[in-house]
J.: 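Let me begin by handing over the structure; questions about it come next.
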Amino acid sequence: MRLSIFSGSTIDLPPLDVRKIEDEVRKYWRERSVPQKWRTLSGKKIFSFLEGPPTANGYPHVGHLRGRIYKDFALRYHKILGYDVWAQGGWDEQGLPVEVEVEKKLGIRTKREIFERVGLEKFVEECNKLVDYYLTYWKLYATELVGLWLDLENAYETRRSRYLEYVWYLVKRAWERGLLYEGYRVLPFCPRCETALSDAEVDMGYEERESPSIYVKLKIEGRDGDYLLVWTTTPWTLIDNEAVAVRSDAEYCLLDLGSERWFVAKQLVERVGAELGISSWRCVEELKGAELRGLRYEHPLLNEVPLHRDHANGHVVLDAGFVSLEEGTGLVHIAPGHGPEDFELGVQHGLPVTSTVGIDGVFDEGAGLFKGLSVSEASELVINVLSKKKLLVRSGRVVHRYPHCWRCGTPLIYRADRQWFIAMSRLRSKLLEALNSVEIFPRVHRSRFESWLANVKDWTISRSRIWGTPLPIWRCADDPSKVLVIGSLDELKRYASSLPSVDEDRLAHRPWIDMVELKTPDCSRWVREPFVVDVWIDSGVAWIASVDGLRNRDLFSKLFPYSFITEAIDQTRGWFYSLIATSVIDVDAAPYAQVLIQGHVLDKYGRKMSKHLGNVVYAEEALKKFGADPLRLYLLYRYPPGDSFMFDPEEVRKVSFGALNIVWNVFRFAAMYMDLDLFNPRKHRLENYENRLSVEDRWILSRINTVAREFTDYLSRYEVHKAVQLLVDFAVNDLSRTYLKLVRPRVWSEESDDRFVVYATLYYTLKRLLKLFSPAVPHISEALWLYFVKHFEPEELESVHLAKLDEVDEGRVEPYIEESFRAALKIVEVLAFLRSKLGIKIRYPLREAIVVADEETLKKLDLARSVVSRLSNVKRVELLPVKSKCLEDGYEYVQEGGVTVCLQKVVDRELYAEALAREIIRRIQVMRKEMNLDIAEYVDVAIETDSEDIATSLQVFREYVSKEVRALRLLQESPGEGFYVKTWDIEGFTVRIGLRRAQSSS
RNA sequence: GGGCCCGUAGCUUAGCCUGGUUAGAGCGCCCGGCUGAUAACCGGGAGGUCCGGGGUUCGAAUCCCCGCGGGCCCA
């Protein structure tokens, strides 16, 4: 089957129209099910890839494409290396971002509305619909139109019961291994949305904000008149204050104000003084922070918040490394329920952890006087009360950066809450050990990952949300100390005394999961913990859940550990971690062997792409504008995979498209002449011409093999950019610019069959090059495969992507010839420079060039002497050993690094005549093109000129000119009727040239 | 506050690990040329305190120290 754009009896490869070609190629792949064949496992060694599932939320942009193109490249590359490839797709479908968008869509403003106005069932249905919507988009613009051959028909989906069972399985494994526990932790909450937020979400919402700024003195017990001075911007947290922290190695001053004395860090005395407007105080005692440790003070709201009366071990001075000496007083108020650091310090010292604030930001009865107030109302009242009690030293305002909810703009509050954890901190050494078996590219990132694992904290796996995997932990209603962890749907059904009648996908979600009534011999009613599981565990268990590994053990054992994964650098603490973490929890091993860590895509100025800046380049837009292959090539070759990528649309067009255009045209050139001469690679075999190869043939044959070797070499280190640059450079410089230029006259010459030597060489080279290019630019490679290779070898495979990379043909690698060419091309460059100095165009032949150099260089040059001569249009290239002289009159020269190059600058009459002939030829060629003549078509030419020189030249070079322009008749007369006529100025003379299709001699 | 990385032409960068020609490219700019595969291409030119300072060395973009500036991650 031929592609429709290539149909026709003779080859006429059109100019490169990327999008049209890609459409046709995609159609061909679809009709022939090529990707399915490509993915078929045939029993060979498997390159198993694990897809980092994109979140089915939001539209894909070029940053996503970069990652997906690396994935596809790695897969295709290993396929042509001879592996079977495992290329299952996957989608991450649950989590807060989906909920947020559904809320927006439904006009929901508070979490309560979800339950009361919309209802959970409807809400979950909407989440599903939204996921479906984005999947459509991702399948088209981030997969199919990019040419990705990930298997989407069998993609894993984290919302499916068969998938999320593995999250349950994992939680149960953690429970069995004693790693699952319940505890308290301080987390950022949005009181309006009534949910905890992740760190990433907090980072999104930092904004300037004006807050209260108050200085409060705390009465030290047993030291009448002595106080600790503290500073805070969240007065409401004083309600849950339990300690004051100092830095043990810092100096503190006891400041005498006459009637009373305050402790302040020495380094901050001046600052605080200025702030409070006090200058007349004296430092009466200097102490190390360590000496303050253990002092007790009276809680400033002891009467207003009665529970503090019972906190016998609270209200004490402790030391902590995090105390800042840059701001505040150097004494930091500690509320273990409202700050992560405070919490840790509290736990270390056994302080009571009180959080009298609810998830909605309203104080409960524990807050005494402040019950029922919001945090901001409470702050005001705290200030009032302290002021009345004369404990408030100063109350002002301060503008600072503070985290806000990125959805609704509400300032976040930190509060302690009951959560479920997995004790990852106990697995640190196992994680590090597992990492030993993992190769990380680029290498520099390894230490980052290692230090993250070495310091890993326990994992809060519970979330107070809806659209997620339900936390599979049940508690006995009658005895809350009894806990039941369910590891699969089967297990759930086993204990169920009644089940809602819904399909399994629903059953495994809220709200249906909570309609299941569970009963066991030791408990008549189990109640599920009201959480969903952190969404990172969803994608984290992909290594086993994606293939339903417990049921497909055979397949799973072939894939695990996965050969390769790749995502952007932010996933170091995300997916890369959640994979290895869950895998270590289950089987004490890393689930992947190689990781490629990518940098991010930025805009062309190096700024992050963001909706806010309006500089996001979406996948859809980029694909429509550039086509997939130019975009792929650009993303692959412009920067190292690990680097940030400054995406400049102009560069795609100029550089990437430009390179592809040259590659395409090299094939066009080859195809045109090969077809014209009925070249047949089975008949005109390279082996038949071995002893007739000219030096440039041997050179290009050597080069393509060297390039192939270097290509695989770079890719063994995932230096994708270098590998691809190498191919582009070879195609543009070696093939197009040098080889084709050299062989063009050989192709035109019909005297011998030498042109078949060229075709055989070129065919060998192009076919190999095509395979090398195929992982980077699959569409264009395929088009050329079908059009070019399949045209000459119809029995070849139906797709380049099913082919295998050729072994490097060691016998054809001739380093000496490559060196020789390097030297010769350098001389060609110098001669071009000399010509431009002399103002003599390449079209003007020159008699002689002389190179004076050492013996070794000369030996090299000798081999490629004709190359210099042809490319520089010099009749004779003379090679002389050092000490010879070429610096005579009539020569222009350049001396460089022991090599002297001289060029004879005299243009004698004979040379001049030849030059004129070439001037004429060139103009006739232009006219042939303007007339749209077929390449092989003959013409009649009539030339009229007032120049004696040109007339002579035409007589002398009559044969030459006729042959070059395929003239049947070349007349020196005024062009008559039926001629296409143009008047030219050549060297100041007027020349009228007439052209017409050759008339058969009648 | 801690860790990692980076700083080379107007822009994007190679070279740095392993010290040694005249620091190499692409884009942009200027001049010239080539073109029967080329929507292309080629040659030349202008443009560099290799972030600053100090050290090691016969010799430093490269190795070491300090500083400045930027990025990423963590707190």
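Below, chains carry the letters A, B, ... as their sequence lines are ordered, and counting in each starts from 1. Values below: every heavy atom of this structure, side chains too, minus hydrogens, waters and symmetry copies. This one's a predicted model, so the numbers in the text were calculated from it and none came from an experiment.
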J.: For atom P, what is the distance between B:G44 and B:C27, given to the nearest Å?
T.: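 It comes out at 14 Å once rounded to the nearest Å.
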J.: Could you list the residues that satisfy salt bridge (charged side-chain N to carboxylate O under 4.0 Å, His left out) with A:Arg744, not counting sequence neighbours?
T.: none
J.: Between B:G24 and B:U56, how many Å separate the two P atoms, rounded to a whole number?
T.: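 B:G24 and B:U56 have their P atoms separated by 29 Å.
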J.: Whole angstroms only, please: what is the CZ-C1' distance between A:Arg918 and B:U35?
T.: 12 Å
J.: Please report the C-alpha distance between A:Tyr673 and A:Tyr759 in whole Å, then the side-chain angles of each, then the deciding distance to 0.1 Å, and finally whether the ring-ring contact (aromatic ring centres under 6.0 Å, His included) criterion is met.
T.: CA-CA 8 Å; A:Tyr673 289 103; A:Tyr759 297 154; 7.5 Å; no
J.: Whole Å only: how far is the NE2 atom of A:His445 from the P atom of B:C74?
T.: 14 Å
J.: Using atom C1' of each nucleotide, how far apart are B:U8 and B:G69 to the nearest Å?
T.: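 Those two atoms are separated by 15 Å.
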J.: Which nucleotide, if any, forms a Watson-Crick or G-U wobble pair with B:C27, using both distances under 3.5 Å?
T.: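 B:C27 is paired with B:G10.
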J.: Is B:U21 paired to anything, Watson-Crick or G-U wobble with both distances less than 3.5 Å, and if yes, which nucleotide?
T.: none
J.: Round to a whole Å and report the spacing from CZ of A:Phe343 to C1' of B:A75.
T.: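 That distance rounds to 17 Å.
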J.: Pick the C1' atom in B:C64 and in B:G26, then give their distance to the nearest Å.
T.: 34 Å
J.: Among side-chain atoms of A:His333 and A:Asp342, is any donor-acceptor pair under 3.5 angstrom?
T.: no
J.: Rounded to whole angstroms, how far apart are CD on A:Gln571 and P on B:C72?
T.: 16 Å
J.: So what does A:Arg573 hit on the nucleic acid, given a heavy-atom distance under 4.0 Å: a base, only sugar-phosphate, or nothing?
T.: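 Sugar-phosphate: the residue A:Arg573, judged by heavy atoms under 4.0 Å, touches backbone atoms but no base.
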J.: 5'-most contact on RNA chain B: A:Val666 or A:Val732, nearest heavy atom basis?
T.: A:Val666
J.: Only pairs with both distances under 3.5 Å count, Watson-Crick or wobble alike; so what is the partner of B:C4 in this structure?
T.: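 Checking every strand shown, B:C4 finds its partner in B:G71, with both distances under 3.5 Å.
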J.: Taking the P atom of each, how far is B:C63 from B:A25, in whole Å?
T.: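 These two P atoms come out 23 Å apart once rounded.
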J.: In whole angstroms, how far is the P atom of B:C73 from the CG atom of A:Leu453?
T.: 17 Å
J.: Restricting to nitrogen or oxygen on both sides, can you table the protein-nucleotides 1-5 of chain B pairs closer than 3.5 Å?
T.:
{"from": "B:C4", "atom 1": "O2", "to": "A:Arg448", "atom 2": "NH2", "distance (Å)": "3.4"}

J.: With A:Tyr718, which residues qualify under ring pair (Phe, Tyr, Trp, His ring centres under 6.0 Å), at least two apart?
T.: A:Phe441, A:Phe564
J.: Using the P atom on both, measure B:G55 against B:U62 and round to a whole Å.
T.: 14 Å
J.: Do the side chain of A:Ser736 and the base of B:A40 come within less than 3.5 angstrom through a donor-acceptor pair of N or O atoms?
T.: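 Looking at the base of B:A40, it does not pair with any donor or acceptor on the side chain of A:Ser736 (distance under 3.5 Å).
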J.: Fit a plane to each ring of A:Phe647 and A:Tyr634, take the angle between them on a 0 to 90° scale, and name the class: parallel (under 30°), tilted (30 to 60°) or perpendicular (over 60°).
T.: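 Answer is perpendicular, since the angle exceeds 60°.
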J.: When rounded to the nearest Å, what value does the distance between P atoms of B:C50 and B:A61 take?
T.: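 8 Å, rounded to whole Å.
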J.: Just jot down the ring pair (Phe, Tyr, Trp, His ring centres under 6.0 Å) partners of A:Trp459, sequence neighbours excluded, or say none.
T.: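 Checked A:Trp459 against ring pair (Phe, Tyr, Trp, His ring centres under 6.0 Å); matches are A:Tyr577.
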J.: Applying side chain to side chain donor-acceptor pair (under 3.5 Å) to A:Asp643 and A:His721, what does each step give before you reach the verdict?
T.: CA-CA 11 Å; A:Asp643 282 19; A:His721 63 303; over 6 Å; no
J.: Which residues satisfy the side chain to side chain donor-acceptor pair (under 3.5 Å) test with A:Tyr739, sequence neighbours excluded?
T.: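 A:Asp697.
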J.: Polar atom pairs between nucleotides 6-15 of chain B and protein, under 3.5 Å, N or O only, would you list them?
T.:
{"from": "B:U12", "atom 1": "O3'", "to": "A:Tyr639", "atom 2": "OH", "distance (Å)": "2.9"}
{"from": "B:U12", "atom 1": "O2'", "to": "A:Arg638", "atom 2": "NH1", "distance (Å)": "3.4"}
{"from": "B:U12", "atom 1": "O2'", "to": "A:Arg638", "atom 2": "NH2", "distance (Å)": "2.5"}
{"from": "B:U12", "atom 1": "O2'", "to": "A:Tyr639", "atom 2": "OH", "distance (Å)": "2.7"}

J.: Going by the rule side chain to side chain donor-acceptor pair (under 3.5 Å), which residues pair with A:Asp648 if we only count those two or more places apart in sequence or in a different chain?
T.: none
J.: My understanding is that only residues two or more places apart in sequence, or in another chain, count here; which of them pass salt bridge (charged side-chain N to carboxylate O under 4.0 Å, His left out) with A:Arg966?
T.: A:Glu750
J.: Could you tell me how far apart A:Ile921 (CD1) and B:C34 (C1') are, to the nearest whole angstrom?
T.: 15 Å
J.: RNA chain B: A:Glu919 or A:Glu341, which has the more 5' nearest nucleotide?
T.: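 It is A:Glu919, whose closest nucleotide lies nearer the 5' terminus.
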J.: With C1' as the reference atom in both, quote the distance from B:G20 to B:G33 in angstrom, rounded to an integer.
T.: 38 Å
J.: Going by purine N1 to pyrimidine N3 plus the second Watson-Crick contact, or the G-U wobble pair, all under 3.5 Å, which nucleotide sits opposite B:G47?
T.: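 Across any shown strand, B:G47 pairs with none.
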J.: Please list all pairs passing the salt bridge (charged side-chain N to carboxylate O under 4.0 Å, His left out) test where one or both residues lie in residues 450-460 of chain A, with sequence neighbours left out.
T.: A:Arg446-A:Glu450
J.: Once you round it to whole Å, what is the distance between C1' of B:G71 and CZ of A:Phe645?
T.: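 Nearest whole value for this atom pair: 18 Å.
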J.: From CD of A:Gln725 over to P of B:G24, roughly how many Å is that when rounded to an integer?
T.: 18 Å
